[in-house]
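Everything below concerns the one structure shown next.
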Amino acid sequence: MSFQRYLVRRLLLTLPLLLGITVVAFLIANAVPADPINANLPPNQLNNETIVRAFREKWGLDKPPVEQYFVYLGNLLRGDMGRSIKSGEPVLADIAKYLPATIELSTVGIVLGMSLGIFFGVVSAVWRNSPVDYVVRFLSLIGVSFPIFLLALLGLTILHAELRLLPGPGRLGFTASEPPTVTGLFVVDSLLASDFDTLRDALRRLILPGFVLALYLSGIIARITRSSLLEVLGQDYMRTARAKGLNERNVILRHGLSNALIPVVTVIGLMYGNLLVGSVLIERIFAWPGIGQYMFRASTSQDFPAIMGVSMLIAFIYVVVNFVVDLLYYFIDPRIRLA
Amino acid sequence: MKQARQWFTGLLLLILALLLSAIGATAQDEQVVVIGHAESTDSLDPARGYTGTTAIVHRAIYETLVTFPDADASAIEPRLATSWTISEDGLVYTFTLNPAAVFSDGSPVEASDVVFSFNRLKNVQGNPSFLADPIASIEAPDAGTVVITLSAIRPSFLAELTNNAFSVSNAEVVQANGGTDAADAATADAAGAWLDANSAGSGPYILEEWDKTVRTVLVRNPNYYGEAPFFDRVIIANIPESAAQKIALESGEIDVALEITADQVGDMESNADISLFKSPGLAVHFIIMNQDESIGGPVSNPLVQRAIRLALDYSGYLDLWGGVTPGSNLAVGLLGAYSSLDGTAVTRDLDAARALLAEAGYPDGFEITLEYPDFTWQGVNMNTNAQKIQADLAEVGITVTLQPGELQVALERYRAGEAGFGYWFWGPDILDPLDLLAFLPGGKVATERAKWLTENASADLLDLINQASLATEATARVEIFGQLQRYMQENAPFAPFVQPDLTVATRASVAGYVWHPQWALDVALLSRAG
């Protein structure tokens with residue numbers, strides 16, 4: 001199959017998926033047996049007919065659900081995701097405001113987690129059943145099973161409050177000003193503004209939450225890398241590579257690891273998608289104004305437009321991540337190209 | 001390839017150099033205080049925002065006509081108004097403004113600004129707008145006099161005027177930025193966004209920046225006509241988790257942590273760098289029993305209701321959360337409230353409770369389901385209290401099944417009066433004993449949620465309620481509300497059991513912290529110790 005045809009087919013497949021997501025998200029949001037007026041109007045106004053009616057009219061809640069859905073879909077096709085009840089801003093603007101903080105943190109988390117995970121996975125596979133292997137497997141088990149919020153609080157208590165090695169919660173110090181917004185990523189924006197104090201602060205504040213995410217991820221990645229590499233190491237072509245006289249480092253890294261990484265890439269892609277939408281706990285504990293916290297507020301206040309917007313974002317992120325992973329397969333795995 | 005590697009090494013070195021470069025401690029003469037707070041508002045417009053966060057911010061940047069003392073709600077004191085009179089019929093309030101008062105742009109605070117602000121509050125139909133409902137008309141006969149006419153007698157009106165919703169804003173500035181007080185302000189007013197980023201008040205601070213969900217920055221108002229506050233700059237940092245607030249306070253990144261929970265207090269008590277302030281908050285936690293027999297079943301019986309009040313282990317809840325035992329649903333701290341502090345609250349008496357149950361026809365108790373939200377409010381976990389209620393009532397033979405619900409779902413059943421036996425909490429909207437009327441026949445909670453209706457109430461009780469809603473003189477009010485509270489201890493479908501402590505922690509270097517039931521924190525009172 002040609003690359004173009006592969007690309008077009010993948011893109012076309014995502015459309016019904018996204019449409020399906022709007023239906024599911026809308027049904028779930030409407031199935032909750034609670035009225036958004038309770039969450040968004042103060043108790044004293046719930047008896048005020050005029051205010052309640054005005055609220056329902058303003059947010060389209062007075063229309064039957066089916067009509068609400070098609071109005072939403074129509075607006076969505078025109079690129080309008082509606083206005084958040086809670087913030088009063090367009091949902092798209094809210095997402096643009098909160099997503100960069102999450103992207104910045106998730107990227108640091110996934111890069112650190114991937115580096116640690118693959119490194120320890122390889123070490124563990126090469127020296128399988130040695131003390132090193134046992135230690136790595138034990139640590140990765142802890143990484144996987146340790147509650148992430150506890151890890152975050154322990155990290156803050158020990159490394160920040162006690163040892164004063166790293167800064168505390170927040171993307172920047174509370175007395176610092178944000179760099180002028182270009183991308184919303186503080187590391188990039190402060191570099192563009194040549195504001196090196198802010199850059200240093202932003203980088204230092206990424207270390208702790210980034211490592212907390214990374215420790216959790218690296219546990220899983222190390223275990224998958226290990227098992228995948230072990231499987232590859234037993235293959236015939238590995239024996240061939242050794243027989244050709246290649247040195248052991250080349251055999252493992254070039255012939256072993258590059259083949260073993262295919263399943264690892266899939267997992268990393270999904271994990272990155274997970275991080276972009278699922279770091280609610282880490283964002284709350286680190287006072288990180290990202291999409292996770294936005295989602296949390298939207299769901300606790302039954303902010304329908306925001307809930308729908310975030311659901312669409314989640315779906316979109318997974319579609320993109322899966323798409324990128326599929327593209328990577330195309331390059332990594334010759335069988336797809338030949339099929 | 002080699003070039004790429006060199007370039008990459010260079011980049012790594014640059015990042016390393018940035019990380020390691022000297023800690024940029026730029027000398028600051030400015031006095032700054034950083035407050036950790038779980039931000040709760042979506043608007044800083046006084047006519048729209050109505051939350052714990054707006055109470056703190058508005059206290060700093062706006063002023064009201066009258067106010068409370070620094071630490072409690074025991075008296076009404078002047079603020080923008082130096083004096084006021086109330087007409088004989090209790091309907092017309094005339095305020096004389098302080099001629100020295102000026103807005104942050106230097107222009108004088110005039111009666112027309114008050115008229116504009118209050119009319120705008122009423123017509124914008126924002127969350128706090130209901131507070132302006134009692135006002136029939138408001139006029140400015142001259143620049144220094146405001147005349148407010150009410151539609152009915154309202155003994156709590158001055159207490160309500162202390163609310164930050166009645167902040168007086170600079171009419172000219174707000175109008176210039178899209179504001180209007182006209183009848184169609186709900187749709188025509190466009191000043192909300194401007195007021196989220198700027199302030200137009202006469203308070204000791206002005207709003208410099210509000211980065212929603214990140215931080216609020218206040219700077220000293222250079223034109224403030226009163227005593228200048230100590231701090232040049234106040235930063236209210238949004239830290240939603242109280243555990244993170246505690247850590248940031250311990251490390252010194254923040255000076256004040258506003259939302260500390262009871263279970264975090266332990267190891268901070270021995271920390272010499274930290275001061276703790278505890279005082280009963282305003283939230284009264286109570287059991288509600290439906291008077292409609294088809295919904296409430298056994299707990300609709302007044303004898304059973306009284307037995308349940310006698311069966312609760314009140315001191316046990318104080319051990320859990322600190323605070324006080326309220327004597328009724330009137331929050332302790334408000335005028336005339338009964339409480340465990342002076343021995344006027346109900347105390348546990350298991351024998352009397354069992355006797356009442358037997359009299360009601362339940363000598364062996366009964367089974368019932370307790371509905372409540374799976375929720376933690378101001379550090380008080382409602383599951384913990386529900387389990388204690390279950391254990392307390394088991395001692396008199398009542399078998400309670402716990403049914404925690406998602407907050408919004410449970411709230412809906414509670415508000416519609418569909419739950420037979422529930423556990424909720426209530427914080428007064430206005431710091432006045434009139435708030436208790438919500439829990440008496442004719443009031444919202446009694447009527448809608450407990451089905452305690454006026455047609456089932458005795459003539460004596462209705463007469464007392466009527467007196468309470470009209471009396472304005474303090475001694476008479478204390479007497480009337482005392483009678484109401486004694487009545488409720490005997491006959492009411494409510495069992496209030498605890499009013500938990502609120503804890504705030506500050507660095508020991510911060511002086512002047514005072515908790516207030518209305519605005520929680522007045523940042524203008526803060527300073528550095530020593």
Side-chain angles (χ1 to χ4, degrees), chain A residues 32-36 38-48 50-51 54 84-89 97-98 101 149 152-153 156-157 160-162 164 167-175 177-178 196-197 199-201 203-204 207 281 283-287 289 293-294 296-297 300-302, chain B residues 15 18-21 23-24 26 28 32 34-36 42-43 48 50-51 125 127-131 133 186-187 192-193 196 209 211-215 217 233 235-241 243-254 406-413 415 426 429 444 448:
Chain A
V32 180
D35 193 328
N38 281 331
N40 293 288
L41 287 178
N44 321 58
Q45 292 191 340
L46 295 177
N47 297 328
N48 187 329
T50 339
I51 291 182
S84 155
I85 298 177
K86 200 87 185 125
S87 75
E89 306 284 335
K97 177 175 157 67
Y98 295 113
F149 68 93
L153 287 174
L156 274 173
T157 308
H160 168 58
E162 293 294 328
R164 306 286 164 95
R171 280 181 90 189
L172 289 177
F174 299 123
T175 53
S177 298
E178 290 181 11
F196 297 110
D197 282 338
L199 175 62
R200 191 175 53 238
D201 192 20
L203 283 172
R204 290 184 70 220
I207 296 173
L281 285 173
E283 287 187 4
R284 271 184 76 84
I285 290 171
F286 284 96
Q293 286 208 63
Y294 180 68
F296 179 78
R297 279 195 305 275
T300 49
S301 59
Q302 287 168 298
Chain B
I15 291 173
L18 284 168
L19 280 170
L20 296 176
S21 62
I23 295 155
T26 44
Q28 281 188 336
V32 181
V34 183
I35 294 158
D42 307 302
S43 171
R48 292 189 168 93
Y50 185 59
T51 65
Q125 293 185 14
N127 285 356
S129 295
F130 71 94
L131 285 167
D133 286 348
T187 49
D196 281 351
E209 178 198 348
D211 188 354
K212 286 184 191 185
T213 72
V214 180
R215 62 176 196 161
V217 182
R233 185 176 286 266
I235 294 168
I236 304 172
N238 178 30
I239 308 180
E241 280 295 320
Q245 282 190 22
K246 174 178 181 267
I247 290 167
L249 183 75
E250 285 168 340
S251 73
E253 284 214 328
I254 60 175
E406 193 275 324
L407 177 66
Q408 295 302 333
V409 178
L411 200 56
E412 197 134 302
R413 284 181 56 76
R415 285 187 172 144
W426 173 271
D429 291 312
K444 182 167 64 183
E448 294 168 13

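Naming: A, B, ... by sequence-line order, numbering from 1 per chain. Computed from heavy atoms alone, side chains included, the values below leave out hydrogens, waters and symmetry copies.
Partners of A/Asp201 under the side-chain hydrogen bond (donor to acceptor under 3.5 Å, both in side chains) rule, at least two apart in sequence or in another chain, are A/Arg205. Residues passing the side-chain hydrogen bond (donor to acceptor under 3.5 Å, both in side chains) test with B/Glu241, sequence neighbours excluded: A/Arg284.
Among B/Ala237, B/Ala244, B/Ala248, B/Pro240, the residue with the largest count of heavy-atom pairs under 4.5 Å with chain A is B/Pro240. Options A/Lys97, A/Arg171, A/Glu89 differ in how many heavy-atom pairs under 4.5 Å they form with chain B, and the most are formed by A/Lys97. Of the listed residues (A/Gly173, A/Gly170, A/Ala152, A/Pro169), the greatest number of heavy-atom pairs within a distance under 4.5 Å of chain B belongs to A/Pro169.
With a 4.5 angstrom heavy-atom cutoff, A/Thr157 touches chain B via backbone and side-chain atoms both. Of the two parts of B/Ile247, the backbone and the side chain both hold a non-hydrogen atom closer than 4.5 Å to a non-hydrogen atom of chain A. Interface remark: B/Ile254 contributes side-chain atoms only to the contact with chain A (heavy atom separation under 4.5 Å). If you measure heavy-atom distances from A/Tyr294 to chain B, you find no contacts under 4.5 Å at all. For B/Lys212, the parts sitting under 4.5 Å from any heavy atom of chain A are the backbone and the side chain alike.
Counting only heavy atoms from C-beta outward, the side chains of B/Arg215 and A/Ser177 approach each other to under 4.5 Å.
Across all non-hydrogen atoms, the minimal contact from A/Leu153 to B/Ala243 is CD2-CB, 3.7 Å. The shortest non-hydrogen separation linking A/Phe174 to B/Ile239 is CZ-CD1, 3.6 Å.
The CD atom of B/Glu250 sits 9.0 Å away from the NE2 atom of A/His160 when rounded to the nearest 0.5 Å. Taking NZ of B/Lys246 as the reference point, atom CG of A/Leu156 lies at 11.5 Å (rounded to 0.5 Å). For the atom pair B/Arg233 CZ and A/Thr175 OG1, the distance stands at 9.0 Å (nearest 0.5 Å).
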**Study point:** Step-by-step side chain to side chain contact (heavy atoms under 4.5 Å, CB included) determination, A/Gln293 to B/Thr213
**Key:** CA-CA 9 Å; A/Gln293 286 208 63; B/Thr213 72; over 6 Å; no

